[in-house]
Amino acid sequence: MNKTMRRVGGVVLSAVFAGSVLTACGNDEEENTASEQVVSSEDNRPVEERFEWEARAADPNGILIFQPKASESKGQILSTETRSYEPGSEEAKTSEPEGVVFQLVDFSPVEPVPFSESDGPTGFDGMVPTGYTQSAAGVALAAAAYTAAAFSPNYPEFIEKASVGATEETRKRVESVAAQIAQDKETLRSVHKVGRGPASEGAKVDLIRDDYARVSLYSFGKRQDGTEGLVSITQDFQWIDDQWKLSISGTPEVSAVETLPKEAWTWDQN
(Lines give C-alpha, C1' and ligand atoms only; values in the text may rest on other atoms or scores of the structure.)
Protein backbone atom coordinates (compact mmCIF):
# COMPACT_ATOMS: atom_id res chain seq x y z
CA MET A 1 0.00 0.00 0.00
CA ASN A 2 2.80 2.43 0.84
CA LYS A 3 4.20 2.61 -2.68
CA THR A 4 0.81 2.89 -4.30
CA MET A 5 -0.26 5.77 -2.06
CA ARG A 6 2.18 8.17 -3.63
CA ARG A 7 0.30 8.15 -6.92
CA VAL A 8 -3.15 8.70 -5.45
CA GLY A 9 -3.11 12.48 -5.82
CA GLY A 10 -2.39 12.23 -9.53
CA VAL A 11 -4.98 9.51 -9.98
CA VAL A 12 -7.63 11.62 -8.26
CA LEU A 13 -6.69 14.57 -10.46
CA SER A 14 -6.98 12.45 -13.56
CA ALA A 15 -10.32 11.06 -12.46
CA VAL A 16 -11.72 14.49 -11.69
CA PHE A 17 -10.58 16.16 -14.89
CA ALA A 18 -11.44 13.20 -17.10
CA GLY A 19 -15.00 13.15 -15.78
CA SER A 20 -15.05 10.09 -13.53
CA VAL A 21 -15.54 9.88 -9.78
CA LEU A 22 -13.00 7.99 -7.69
CA THR A 23 -13.79 6.65 -4.24
CA ALA A 24 -10.78 6.87 -1.94
CA CYS A 25 -9.91 6.95 1.42
CA GLY A 26 -11.55 21.38 9.07
CA ASN A 27 -11.02 24.02 6.86
CA ASP A 28 -9.32 27.02 8.44
CA GLU A 29 -10.52 30.51 7.52
CA GLU A 30 -7.34 32.21 8.65
CA GLU A 31 -5.67 33.93 5.70
CA ASN A 32 -2.02 34.51 4.85
CA THR A 33 -0.72 33.64 8.28
CA ALA A 34 2.74 32.30 8.97
CA SER A 35 3.97 30.20 11.84
CA GLU A 36 4.85 31.80 15.16
CA GLN A 37 7.65 29.25 15.32
CA VAL A 38 9.63 30.71 12.38
CA VAL A 39 13.19 31.29 13.54
CA SER A 40 16.03 33.62 12.64
CA SER A 41 17.76 33.10 9.32
CA GLU A 42 21.05 33.45 11.22
CA ASP A 43 20.47 30.10 12.93
CA ASN A 44 23.12 27.79 11.44
CA ARG A 45 21.53 24.51 12.50
CA PRO A 46 19.98 22.29 9.81
CA VAL A 47 16.58 23.75 9.03
CA GLU A 48 14.66 20.76 10.37
CA GLU A 49 16.42 21.10 13.73
CA ARG A 50 15.27 24.69 14.25
CA PHE A 51 11.69 23.70 14.97
CA GLU A 52 9.71 21.47 17.29
CA TRP A 53 7.98 18.50 15.68
CA GLU A 54 5.23 16.16 16.82
CA ALA A 55 6.93 13.20 15.17
CA ARG A 56 9.46 12.22 12.55
CA ALA A 57 10.11 8.99 10.66
CA ALA A 58 11.65 7.77 7.43
CA ASP A 59 9.32 6.91 4.57
CA PRO A 60 9.56 3.51 2.80
CA ASN A 61 12.39 4.89 0.64
CA GLY A 62 14.42 6.39 3.48
CA ILE A 63 13.37 10.04 3.10
CA LEU A 64 12.84 11.65 6.51
CA ILE A 65 9.28 12.93 7.03
CA PHE A 66 8.24 15.36 9.77
CA GLN A 67 4.86 15.91 11.37
CA PRO A 68 4.38 19.47 12.68
CA LYS A 69 3.11 20.01 16.19
CA ALA A 70 -0.65 20.46 16.58
CA SER A 71 -0.56 24.26 16.48
CA GLU A 72 1.14 24.12 13.05
CA SER A 73 -0.78 21.18 11.61
CA LYS A 74 -1.34 22.93 8.25
CA GLY A 75 2.43 22.95 7.87
CA GLN A 76 5.47 24.42 9.56
CA ILE A 77 6.60 27.52 7.66
CA LEU A 78 10.40 27.38 7.48
CA SER A 79 11.01 31.00 6.48
CA THR A 80 8.87 34.05 5.78
CA GLU A 81 11.57 35.34 3.43
CA THR A 82 12.36 33.84 0.02
CA ARG A 83 14.90 34.28 -2.73
CA SER A 84 14.18 37.03 -5.25
CA TYR A 85 14.30 36.45 -9.02
CA GLU A 86 14.01 38.55 -12.13
CA PRO A 87 10.94 36.98 -13.79
CA GLY A 88 11.94 34.87 -16.77
CA SER A 89 15.66 35.09 -15.99
CA GLU A 90 18.02 32.16 -16.37
CA GLU A 91 18.36 32.05 -12.60
CA ALA A 92 14.58 31.71 -12.25
CA LYS A 93 14.45 29.00 -14.92
CA THR A 94 17.22 26.88 -13.39
CA SER A 95 16.46 27.40 -9.70
CA GLU A 96 16.02 24.47 -7.32
CA PRO A 97 14.59 24.77 -3.79
CA GLU A 98 16.94 24.60 -0.84
CA GLY A 99 16.38 23.55 2.74
CA VAL A 100 13.50 21.22 1.92
CA VAL A 101 11.59 19.49 4.72
CA PHE A 102 8.87 16.98 3.85
CA GLN A 103 5.88 17.35 6.16
CA LEU A 104 2.73 15.35 6.81
CA VAL A 105 0.08 18.08 7.05
CA ASP A 106 -3.68 18.55 7.40
CA PHE A 107 -4.35 19.33 3.74
CA SER A 108 -2.57 16.16 2.60
CA PRO A 109 -3.41 13.20 4.82
CA VAL A 110 -1.40 10.71 2.74
CA GLU A 111 1.48 12.21 0.76
CA PRO A 112 4.19 14.28 2.49
CA VAL A 113 4.49 17.85 1.18
CA PRO A 114 7.84 19.61 0.60
CA PHE A 115 8.30 22.96 2.37
CA SER A 116 11.45 24.95 1.63
CA GLU A 117 13.58 27.55 3.31
CA SER A 118 14.36 29.25 -0.01
CA ASP A 119 11.24 29.41 -2.21
CA GLY A 120 8.17 29.03 -0.03
CA PRO A 121 5.62 28.62 1.15
CA THR A 122 5.61 31.62 3.46
CA GLY A 123 2.02 31.41 4.70
CA PHE A 124 -1.49 30.14 4.06
CA ASP A 125 -4.77 31.32 2.62
CA GLY A 126 -7.11 29.05 4.56
CA MET A 127 -5.64 25.61 3.87
CA VAL A 128 -3.81 26.65 0.69
CA PRO A 129 -0.07 27.34 1.09
CA THR A 130 1.05 30.65 -0.43
CA GLY A 131 4.17 32.73 -1.02
CA TYR A 132 5.96 30.53 -3.55
CA THR A 133 8.53 32.30 -5.70
CA GLN A 134 8.01 33.08 -9.39
CA SER A 135 10.60 30.54 -10.43
CA ALA A 136 11.12 26.91 -11.34
CA ALA A 137 11.77 26.14 -7.68
CA GLY A 138 8.61 27.90 -6.56
CA VAL A 139 6.30 26.28 -9.08
CA ALA A 140 7.70 22.80 -8.35
CA LEU A 141 6.94 23.26 -4.66
CA ALA A 142 3.45 24.54 -5.44
CA ALA A 143 2.83 21.64 -7.81
CA ALA A 144 3.84 19.11 -5.16
CA ALA A 145 1.52 20.69 -2.59
CA TYR A 146 -1.48 20.98 -4.91
CA THR A 147 -1.05 17.42 -6.19
CA ALA A 148 -0.78 16.02 -2.68
CA ALA A 149 -3.95 17.88 -1.67
CA ALA A 150 -5.98 16.02 -4.32
CA PHE A 151 -6.31 13.10 -1.90
CA SER A 152 -7.96 15.29 0.73
CA PRO A 153 -11.38 16.61 1.78
CA ASN A 154 -9.82 20.08 1.39
CA TYR A 155 -9.22 19.83 -2.36
CA PRO A 156 -12.26 21.95 -3.36
CA GLU A 157 -10.59 24.87 -1.58
CA PHE A 158 -7.47 24.38 -3.69
CA ILE A 159 -9.55 24.34 -6.87
CA GLU A 160 -11.29 27.53 -5.73
CA LYS A 161 -8.17 29.44 -4.72
CA ALA A 162 -5.25 27.88 -6.60
CA SER A 163 -6.50 26.89 -10.04
CA VAL A 164 -7.61 28.53 -13.26
CA GLY A 165 -10.04 27.24 -15.87
CA ALA A 166 -12.19 25.04 -13.62
CA THR A 167 -15.70 24.60 -15.00
CA GLU A 168 -18.77 24.17 -12.84
CA GLU A 169 -18.79 20.51 -13.84
CA THR A 170 -15.20 20.11 -12.64
CA ARG A 171 -16.00 21.81 -9.34
CA LYS A 172 -18.91 19.46 -8.75
CA ARG A 173 -16.74 16.42 -9.46
CA VAL A 174 -14.06 17.68 -7.08
CA GLU A 175 -16.66 18.27 -4.37
CA SER A 176 -18.11 14.80 -4.91
CA VAL A 177 -14.72 13.11 -4.59
CA ALA A 178 -13.84 15.22 -1.53
CA ALA A 179 -17.11 14.31 0.14
CA GLN A 180 -16.45 10.60 -0.40
CA ILE A 181 -12.95 10.96 1.04
CA ALA A 182 -14.26 12.88 4.06
CA GLN A 183 -16.78 10.14 4.84
CA ASP A 184 -14.07 7.49 5.08
CA LYS A 185 -12.71 8.73 8.38
CA GLU A 186 -11.29 5.36 9.37
CA THR A 187 -9.11 5.21 6.27
CA LEU A 188 -8.00 8.82 6.71
CA ARG A 189 -6.90 8.09 10.28
CA SER A 190 -5.10 4.92 9.27
CA VAL A 191 -3.05 6.56 6.49
CA HIS A 192 -2.28 9.81 8.30
CA LYS A 193 0.86 8.50 9.97
CA VAL A 194 4.27 10.04 9.57
CA GLY A 195 6.54 7.91 7.41
CA ARG A 196 3.76 5.73 5.99
CA GLY A 197 3.17 7.53 2.70
CA PRO A 198 6.28 7.96 0.53
CA ALA A 199 7.54 11.37 -0.58
CA SER A 200 8.13 12.61 -4.11
CA GLU A 201 11.53 11.74 -5.58
CA GLY A 202 12.02 14.89 -7.62
CA ALA A 203 10.74 17.26 -10.29
CA LYS A 204 11.37 18.63 -13.77
CA VAL A 205 10.24 22.14 -14.65
CA ASP A 206 9.96 23.76 -18.04
CA LEU A 207 9.47 27.48 -17.36
CA ILE A 208 7.93 28.17 -20.76
CA ARG A 209 7.33 31.83 -19.93
CA ASP A 210 7.84 33.79 -16.75
CA ASP A 211 4.11 33.27 -16.06
CA TYR A 212 3.65 29.73 -17.43
CA ALA A 213 5.30 26.46 -16.45
CA ARG A 214 4.98 22.74 -17.08
CA VAL A 215 5.90 20.61 -14.08
CA SER A 216 6.56 16.87 -13.89
CA LEU A 217 6.67 15.26 -10.46
CA TYR A 218 8.34 11.86 -10.07
CA SER A 219 7.53 9.19 -7.52
CA PHE A 220 7.63 5.45 -7.04
CA GLY A 221 4.25 3.75 -7.18
CA LYS A 222 2.02 1.29 -8.96
CA ARG A 223 1.73 1.87 -12.68
CA GLN A 224 -1.36 1.41 -14.80
CA ASP A 225 -0.15 -2.01 -15.93
CA GLY A 226 0.10 -3.18 -12.31
CA THR A 227 3.88 -3.09 -12.07
CA GLU A 228 5.72 -0.92 -9.59
CA GLY A 229 8.23 1.71 -10.61
CA LEU A 230 8.85 5.36 -11.23
CA VAL A 231 5.78 7.34 -12.28
CA SER A 232 5.54 10.93 -13.50
CA ILE A 233 2.60 13.33 -13.20
CA THR A 234 2.78 16.34 -15.53
CA GLN A 235 0.62 19.46 -15.20
CA ASP A 236 0.64 23.09 -16.32
CA PHE A 237 0.65 26.13 -14.04
CA GLN A 238 0.06 29.85 -14.54
CA TRP A 239 1.35 32.78 -12.50
CA ILE A 240 -1.74 34.88 -11.68
CA ASP A 241 -2.13 37.51 -8.94
CA ASP A 242 1.32 36.69 -7.49
CA GLN A 243 0.51 33.01 -7.14
CA TRP A 244 1.08 29.80 -9.07
CA LYS A 245 -2.25 28.30 -10.09
CA LEU A 246 -3.00 24.89 -11.57
CA SER A 247 -4.19 25.20 -15.16
CA ILE A 248 -7.19 22.94 -15.57
CA SER A 249 -7.19 22.71 -19.35
CA GLY A 250 -7.03 18.94 -19.64
CA THR A 251 -6.26 15.69 -17.88
CA PRO A 252 -2.88 15.50 -16.10
CA GLU A 253 -0.39 13.29 -17.92
CA VAL A 254 0.47 10.20 -15.87
CA SER A 255 3.17 7.96 -17.34
CA ALA A 256 5.75 5.35 -16.39
CA VAL A 257 9.44 6.22 -16.63
CA GLU A 258 12.53 4.11 -16.00
CA THR A 259 14.74 6.76 -14.39
CA LEU A 260 14.66 10.44 -13.56
CA PRO A 261 15.35 12.45 -16.74
CA LYS A 262 18.66 14.26 -16.79
CA GLU A 263 16.76 17.58 -16.68
CA ALA A 264 15.06 16.59 -13.42
CA TRP A 265 16.38 17.18 -9.94
CA THR A 266 15.85 15.60 -6.54
CA TRP A 267 14.63 17.61 -3.57
CA ASP A 268 17.50 19.18 -1.60
CA GLN A 269 17.15 18.27 2.07
CA ASN A 270 20.52 19.69 3.13
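Keep in mind it's a predicted model, so treat the numbers as computed, not measured.
- Between S163 and A166 the shortest heavy-atom distance is OG-CB, 4.1 Å.
- Rounded to the nearest 0.5 angstrom, D211 CG and Q238 CD are separated by 7.0 Å.
- In summary, E117 and R50 engage in a salt bridge, as defined by a charged side-chain N under 4.0 Å from a carboxylate O.
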Worked check of side-chain contact (heavy atoms from CB on, under 4.5 Å) between V231 and F220: CA-CA 6 Å; V231 176; F220 284 102; over 6 Å; no
Worked check of side-chain contact (heavy atoms from CB on, under 4.5 Å) between V128 and F107: CA-CA 8 Å; V128 180; F107 66 80; over 6 Å; no
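- Side-chain contact check for W53 versus V101: some heavy-atom pair is nearer than 4.5 Å.
- The heavy-atom pair separating S108 from L104 by the smallest distance is O-CD1, 3.7 Å.
- Grouping the Ile, Leu, Val, Met, Phe, Trp and Tyr side chains by contacts below 4.5 angstrom, directly or via other members, places I159 apart from V164.
- S216 places no side-chain N or O within 3.5 Å of a backbone atom of A203 that could act as its donor or acceptor partner.
- Under the ring pair (Phe, Tyr, Trp, His ring centres under 6.0 Å) criterion, F237 pairs with no residue at all, not counting sequence neighbours.
- Taken to the nearest 0.5 Å, the OG1 atom of T259 stands 12.0 Å off from the CD atom of E201.
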Verdict with reasoning, F51 to F66, per ring-ring contact (aromatic ring centres under 6.0 Å, His included): CA-CA 10 Å; F51 304 93; F66 295 80; 9.9 Å; no
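- Of all heavy-atom pairs spanning Q134 and A92, the tightest one is O-CB, 4.1 Å.
- Around CD of E263, the count of heavy atoms belonging to other residues, nucleotides or ligands within 6.0 Å exceeds 12.
- Within the 4.5 Å cutoff, no side-chain heavy atoms of T234 are placed close to those of V215.
- Side chain of T147 to main chain of A143: a donor-acceptor pair is present (N/O by atom type, distance under 3.5 Å, no hydrogens or angles).
- No single ILVMFWY cluster, assembled from side-chain heavy atoms under 4.5 Å apart, contains both V100 and Y85.
- One finds a salt bridge joining E157 and K161 here, because a Lys/Arg side-chain nitrogen approaches an Asp/Glu carboxylate oxygen to under 4.0 Å.
- Going from atom OG of S247 over to atom CZ of R214 covers 9.5 Å, rounded to the nearest 0.5 Å.
- Heavy atoms only, all atoms of each residue included: A213 and L207 are closest at CB-CD1, 3.7 Å.
- Using a distance-only test at 3.5 Å, with no hydrogens or angles considered, a donor-acceptor pair links the side chain of D225 to the main chain of T227.
- In terms of heavy-atom proximity, A199 sits nearest to D59 at N-OD2, 2.9 Å.
- For the salt bridge (charged side-chain N to carboxylate O under 4.0 Å, His left out) condition, the pairs that include at least one residue of residues 82-93, sequence neighbours left out, are R83-E98, R83-D119.
- For the residue pair D125 / T130, no side-chain donor-acceptor distance below 3.5 Å is found, with atom types taken as modelled.
- In this structure, OG on S152 lies 10.0 Å from NE2 on H192, to the nearest 0.5 angstrom.
- To the nearest 0.5 Å, atom OG of residue S73 and atom CD of residue Q67 are 9.0 Å apart.
- For the 3.5 Å distance criterion, the side chains of S255 and S232 qualify, holding a donor opposite an acceptor.
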Evaluation steps, side-chain contact (heavy atoms from CB on, under 4.5 Å), between E52 and E72: CA-CA 10 Å; E52 297 178 8; E72 310 294 342; over 6 Å; no
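- Rounded to the nearest 0.5 angstrom, D210 CG and S89 OG are separated by 9.5 Å.
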Working for side-chain contact (heavy atoms from CB on, under 4.5 Å), residues V105 and K74: CA-CA 5 Å; V105 296; K74 288 189 295 186; 5.8 Å; no
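- A 4.5 Å side-chain heavy-atom check between F115 and Q76 finds every atom pair outside the cut-off.
- Between F102 and W267, the ring planes lie perpendicular to each other; the angle is over 60°, past the 30° to 60° tilted range.
- Side-chain N or O atoms of R45 include one that pairs as donor or acceptor with a backbone N or O of E49 at under 3.5 Å.
- Heavy atoms of other residues, nucleotides or ligands lying less than 6.0 angstrom from CD of E258 number 12 at most.
- Hydrophobic clustering of Ile, Leu, Val, Met, Phe, Trp and Tyr side chains at less than 4.5 Å, counting indirect connections, unites V257 with L260.
- Between T122 and G131, the shortest heavy-atom contact is OG1-CA, 3.3 Å.
- Taking the six-membered ring for Trp and the full ring otherwise, W244 and Y132 have centroids separated by 6.0 Å or more.
- The distance between the ring centers of Y155 and Y146 does not fall below 6.0 angstrom.
- A donor-acceptor pair is defined here as one N or O able to donate and one able to accept, closer than 3.5 Å; such a pair exists between the side chain of S200 and the backbone of Y218.
- Paired with L141 under the rule side chain to side chain contact (heavy atoms under 4.5 Å, CB included), one option of P114, P129, P121, S135 passes, and it is P114.
- Here the side chain of S116 pairs a donor or acceptor atom with the backbone of G120 at under 3.5 angstrom.
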